[in-house]
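Note that the numbering runs from 1 along the sequence shown for the chain. Predicted model, so just to flag it, every value in this text is computed and none were measured. Hydrogens, waters and symmetry mates play no part in the numbers below; they use all other heavy atoms, side chains included.
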Amino acid sequence: MKNHLFAKFIMTVIIASMPLLLECQTTSDGSMPQYYFQDFTIAKVIMKNGQVQTPNMNYNTVTEKMVFTRDEKYYDISNPEMVDTVIIQDVRFVPVGKAFLEVLKGTEPSLLLQYKGEVLPAGKPAGYGGTSQLAASTYLSSVDLSSGRYNLPIPSDYMVKIEPIYWIRKPDGMVSFTNEKQFLGLFPEKSDQLRIFIKKNRIKIDRNEDVIKLVNYCNSLSN
C-alpha cells in the first residue's frame, strides 16, 4: 500500500517531467558536481495542501530544480508551485518561480540563496594554449535540457562553476545582490552605517553566515 501511494504521489502530485530511461551512475571520479549534496538522500517534501512525502532527492545547481530518483531513474519536480518547502539534510529550499532557492533566513526580511551553475570544460580558460570553448559548446549542444539530461553524470573533463546570488524577500518584492557594492546600493540611506559594520566585523559577502549577520543588522537599523 505504501509503495502504491508513493507511486501515485509521483505521478499526480510531483508530476515529474520526462524521466530518463537510464540507470543511475556517477562520473569516473565518483562525483556528480552539478548536485548540491554528495548523494541522493531522504528528503521531506511539504506540499501546500499539507501533505508530506519523503522521496530520495538532491538539488541540481545547473537546472536549479529538485531531482528525485525512483527505480534507478531521475525525475524533476515540474510543478514547484504545489510545493511549500523541501528539506534535505536540514537544508531548506523553497520554490521561487520554476527554481528552488535555499533559505538562509526565514524571518522577515527573509534571505534566500540562488545557485547559478554552469557546465564548463575543465582546465585553463579559452585562448592561446587554453581549453577550447568549442568543446563545451559541442557537449552542451548535445544536451537536451528539456529532457533533464543535466541530471546525468557530467563527463570528467568538465566542471561546474557556481555563482551564488543572494535574494532578500521584502513585503514589496524581492531584490538581489552578489557583492558588497550591490548590497549597499539597495540601502543607500543606511550605507554609511553598513560600511562601518562590514569593516568592524570583517564581513565577507561570500560567507553565508556573514551575509545573515549583515542582513540582520540592516534590518535592526529600520527598527
Side-chain angles (χ1 to χ4, degrees), residues 29-39 41 43-44 46 57-67 84-127 130-131 150 154 158-223:
D29 64 355
S31 65
M32 296 178 74
Q34 71 269 42
Y35 286 106
Y36 183 104
F37 301 98
Q38 184 175 355
D39 301 301
T41 57
K44 183 178 182 180
I46 304 172
M57 301 194 81
N58 209 328
Y59 175 71
N60 191 320
T61 62
V62 175
T63 64
E64 301 180 59
K65 293 184 178 182
M66 284 294 164
V67 182
D84 180 83
T85 307
V86 175
I87 303 174
I88 307 176
Q89 297 184 23
D90 296 325
V91 180
R92 294 174 58 216
F93 298 87
V94 295
V96 178
K98 295 295 184 181
F100 278 85
L101 277 59
E102 180 182 352
V103 179
L104 297 181
K105 176 179 176 291
T107 56
E108 286 289 341
S110 57
L111 176 64
L112 308 176
L113 178 55
Q114 178 183 12
Y115 295 90
K116 296 286 289 186
E118 182 181 9
V119 178
L120 298 171
K124 299 179 180 179
T131 301
Y150 273 151
I154 292 175
Y158 290 85
M159 60 176 285
V160 175
K161 178 184 178 182
I162 298 177
E163 177 188 3
I165 302 175
Y166 294 96
W167 289 86
I168 297 176
R169 177 180 280 165
K170 302 193 297 183
D172 57 346
M174 293 181 64
V175 292
S176 66
F177 63 96
T178 60
N179 54 51
E180 179 182 325
K181 182 179 179 180
Q182 291 178 358
F183 180 82
L184 294 175
L186 298 176
F187 306 97
E189 73 284 359
K190 306 176 185 178
S191 60
D192 290 342
Q193 293 165 287
L194 291 172
R195 284 192 182 93
I196 294 173
F197 180 83
I198 290 172
K199 182 176 181 180
K200 180 179 179 180
N201 295 275
R202 299 180 179 179
I203 296 294
K204 301 294 183 182
I205 297 298
D206 58 353
R207 292 201 296 251
N208 291 346
E209 60 273 19
D210 282 6
V211 177
I212 295 172
K213 291 178 183 178
L214 181 59
V215 172
N216 284 336
Y217 175 71
C218 181
N219 187 48
S220 73
L221 296 177
S222 302
N223 298 328

Contact check, side chains of Val215 and Tyr166, non-hydrogen atoms, under 4.5 Å: no
Can you say whether the rings of Tyr217 and Phe197 are parallel (under 30°), tilted (30 to 60°) or perpendicular (over 60°)? parallel
Parallel under 30°, tilted from 30 to 60°, perpendicular over 60°: which one fits the rings of Phe177 and Phe183? perpendicular
Given the rule in the side chain to side chain contact (heavy atoms under 4.5 Å, CB included) test, do Tyr35 and Val67 qualify, once you have shown the distances and angles that lead to the verdict? CA-CA 9 Å; Tyr35 286 106; Val67 182; 3.9 Å; yes
For residues Tyr59 and Met66, report the shortest heavy-atom separation together with the two atoms involved. CD1-CE, 3.7 Å
Only distances under 3.5 Å count here; give the side-chain donor-acceptor pairs of residues 97-106 to other protein atoms, sequence neighbours excluded, each with its distance to 0.1 Å.
unit_1	atom_1	unit_2	atom_2	d
Glu102	OE1	Tyr36	OH	3.3
Glu102	OE1	Tyr115	OH	2.5
Lys105	NZ	Thr107	O	2.9
Lys105	NZ	Thr107	OG1	3.4
Lys105	NZ	Pro109	O	3.0

Considering all heavy atoms of both residues, which atom of Gln34 and which atom of Val62 are nearest to each other, and what is their separation? CB-CG2, 3.8 Å
Once you round to the nearest 0.5 Å, how far does CD of Glu64 lie from CD of Gln114? 4.5 Å
For Asp172, I'd like to know if atom CG has over 12 heavy atoms of other residues, nucleotides or ligands within 6.0 Å. yes
Only pairs at least two apart or in different chains count here, so list each side-chain hydrogen bond (donor to acceptor under 3.5 Å, both in side chains) that has a residue in residues 179-189. Thr178-Gln182
Please walk me through it: do Met32 and Asn58 pass side chain to side chain contact (heavy atoms under 4.5 Å, CB included)? CA-CA 11 Å; Met32 296 178 74; Asn58 209 328; over 6 Å; no
Out of curiosity, Lys213 NZ to Asn216 CG, how far, rounded to the nearest 0.5 Å? 10.5 Å
Donor-acceptor pair, distance only, cut-off 3.5 Å: does the side chain of Asp210 make one with the backbone of Lys204? yes
Mind listing the closest non-hydrogen atom pair of Val86 and Ala43 along with its distance? CG1-CB, 4.5 Å
Could you grab the distance from atom CG of Asn201 to atom CG of Leu214, nearest 0.5 Å is fine? 9.0 Å
What is the distance from atom CD of Glu118 to atom OG1 of Thr61, rounded to the nearest 0.5 Å? 11.0 Å
Just verifying a value: how many Å separate Leu112 CG and Ile165 CD1, rounded to the nearest 0.5 Å? 12.5 Å
Ile168 side, atom CD1; Cys218 side, atom SG - distance, nearest 0.5 Å: 6.5 Å
Any non-hydrogen side-chain atom of Ile198 less than 4.5 Å from a side-chain atom of Ile205? no
